[in-house]
Number of protein chains: 2
Amino acid sequence: MKKKKAPERPTQCRVLIQGVRDTQDLLNGKWKTPIIGALYYRGKMRFMELRRELDGIAPKMLSQELKDLEMNHLVTRTVHNTMPITVEYELTEQGKSLNSIIDAMGRWGIKYREQMLRA
Amino acid sequence: MKKKKAPERPTQCRVLIQGVRDTQDLLNGKWKTPIIGALYYRGKMRFMELRRELDGIAPKMLSQELKDLEMNHLVTRTVHNTMPITVEYELTEQGKSLNSIIDAMGRWGIKYREQMLRA
DNA sequence: GTAACTAGTTACCAAAAGGTAACCATCAAT
DNA sequence: ATTGATGGTTACCTTTTGGTAACTAGTTAC
């Protein structure tokens, strides 16, 4: 029985790498993780609250990133008919489930920084 | 006793966010996680082995990314005086410790994709 | 009427990321 | 002498990212 030409990479592995890529794509850019973090720790927030919380983000970026997150079903946007209108952003269940990853990244980053300083 | 002006965000949280940012910076770009993944699952590898494994990466990018990873102490580079010379890249302990995160991202990504297809 | 808050949008610009193609030196085999 | 492997480098170009500044529209307070 002849071996097929160079398959060699387990499908399992390829699938995992695709998963990593997907996750990275959802979290790409400078602001996505801070936004998700803020929404996770503070709960639903309005546009201006987020702006103030994130400190330094331009409205253009915030709007853009929130749209991205919404399109990817990580955040919901709801308009309230108050005067003036207010808009609330909130994490979906999927969005919330990202927290374990973001948290792991946070802890790892802290440990890394410590070890770099120690060395 | 008067409150200080708008401190409000727990230091703990800021530190965590910084950690996330650090981690993201180390893993930024299209190729870092695949490279680390390959080195994790296959062990030490040579330049050309990595190139073939990663499928589609230009030598320029691979070289650049490996330099980055090396500078950040996630990968070591060792030259062997064979003929022709060979160069081996290997994960450091720090580099290996990233696997839990990359793995978590992979699993999350897979689950996310499933749920998106189901919906 | 003018300023300020709500939630954004638009035009413009600079920097970074990433790809292509060509090239380099060293060595081995044909 | 040419081909092909090793491990890269270089110049060039396009796309993406992210920032600034100005602007919109609706409502409220002074």
Side-chain angles (χ1 to χ4, degrees), chain A residues 5-6 17 20-39 42-72 75-90, chain B residues 6 17-18 20-39 42-72 75-90:
Chain A
K5 254 188 207 165
I17 286 175
V20 177
R21 205 158 268 179
D22 288 350
T23 305
Q24 272 192 314
D25 287 350
L26 293 178
L27 299 181
N28 72 358
K30 195 173 166 182
W31 296 107
K32 299 249 169 55
T33 48
I35 290 172
I36 293 172
L39 290 176
R42 318 265 282 209
K44 55 174 84 161
M45 294 178 81
R46 306 206 318 237
F47 190 85
M48 279 297 164
E49 287 182 297
L50 271 167
R51 243 196 109 179
R52 279 187 286 265
E53 175 80 15
L54 293 177
D55 196 60
I57 193 170
K60 170 195 152 192
M61 291 307 297
L62 182 53
S63 167
Q64 200 179 94
E65 300 297 64
L66 285 170
K67 268 182 198 158
D68 272 15
L69 293 172
E70 199 193 346
M71 278 206 320
N72 292 323
V75 157
T76 58
R77 177 181 184 272
T78 46
V79 180
H80 296 283
N81 279 336
T82 53
M83 291 297 176
I85 59 157
T86 51
V87 180
E88 281 190 324
Y89 293 91
E90 191 175 12
Chain B
I17 287 175
Q18 186 56 55
V20 177
R21 205 158 267 179
D22 288 351
T23 306
Q24 273 193 315
D25 287 349
L26 293 178
L27 300 181
N28 71 359
K30 194 174 166 181
W31 295 107
K32 299 248 169 55
T33 47
I35 290 171
I36 294 172
L39 291 175
R42 317 266 282 209
K44 56 174 84 163
M45 293 177 82
R46 304 207 318 237
F47 191 85
M48 279 299 165
E49 284 183 299
L50 272 167
R51 242 194 111 178
R52 279 187 287 264
E53 176 79 16
L54 294 177
D55 196 59
I57 193 170
K60 170 195 153 190
M61 291 306 297
L62 182 53
S63 167
Q64 200 180 94
E65 300 296 65
L66 285 169
K67 269 183 198 159
D68 272 14
L69 293 171
E70 199 192 347
M71 279 207 318
N72 292 323
V75 157
T76 57
R77 176 181 185 272
T78 46
V79 181
H80 296 283
N81 279 337
T82 53
M83 291 298 176
I85 60 155
T86 52
V87 180
E88 281 190 325
Y89 293 92
E90 192 174 12

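The chains referred to below are lettered A, B, ... by the order of the sequence lines, with proteins before strands, and numbering in each begins at 1.
One can place CG of A:D25 at 16 Å from P of C:dA17, the figure rounded to the nearest angstrom. Rounded to whole angstrom, the span from the CH2 atom of B:W31 across to the C1' atom of C:dA16 amounts to 18 Å. Rounded to whole angstrom, the span from the CE atom of B:M83 across to the C1' atom of D:dG7 amounts to 14 Å. The interatomic distance linking B:L62 (CG) with C:dA17 (P) rounds to 17 Å, in whole Å. In this structure, the CE atom of B:M61 is 17 Å from the C1' atom of D:dG7, given to the nearest Å. If you measure from atom NZ of B:K67 to atom P of C:dG18, you get 16 Å, rounded to the nearest angstrom. A:N28 places its CG atom 10 Å from the C1' atom of D:dT16, with the value rounded to the nearest Å. The CZ-C1' distance, from B:R52 to D:dG7, rounds to 12 Å in whole Å.
Taking all atoms of both residues into account, the shortest heavy-atom contact from B:R21 to A:P34 is NH2-CG, 3.4 Å. For the residue pair A:F47 and A:L66, the shortest heavy atom distance occurs at CD1-CD1, 4.1 Å.
Counting only distance, with no hydrogens or angles, the side chain of B:Q24 and the backbone of A:L27 share a donor-acceptor pair below 3.5 Å.
Here B:R46 lies in heavy-atom contact (under 4.0 Å) with sugar-phosphate atoms only.
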Residue pair B:Q64, B:D68: steps toward the side chain to side chain donor-acceptor pair (under 3.5 Å) verdict: CA-CA 6 Å; B:Q64 200 180 94; B:D68 272 14; over 6 Å; no
For B:L50 and B:L39, run side-chain contact (heavy atoms from CB on, under 4.5 Å): C-alpha distance rounded to whole Å, both residues' side-chain angles, the deciding distance at 0.1 Å, then the answer. CA-CA 8 Å; B:L50 272 167; B:L39 291 175; 4.3 Å; yes
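Nearer the 5' end of DNA chain D, as judged by each residue's closest nucleotide, is the contact made by B:T86, out of A:Q64 and B:T86.
With C:dG19, D:dG8, D:dG19 as the choices, the nucleotide that has an atom nearest any side-chain atom of B:Y89 turns out to be D:dG8. Picking from D:dT6, D:dA11, C:dG8 the nucleotide with the shortest atom distance to the side chain of B:K60 gives D:dA11. Each of D:dG7, C:dG18, D:dG18 was ranked by its minimum atom distance to the side chain of A:E65; first place goes to D:dG18.
Phosphate contact (OP1/OP2 of D:dT9, side-chain N/O of B:S63, threshold under 4.0 Å): present. Contact annotation: B:R51 side-chain N/O to D:dA5 OP1/OP2 distance is not under 4.0 Å.
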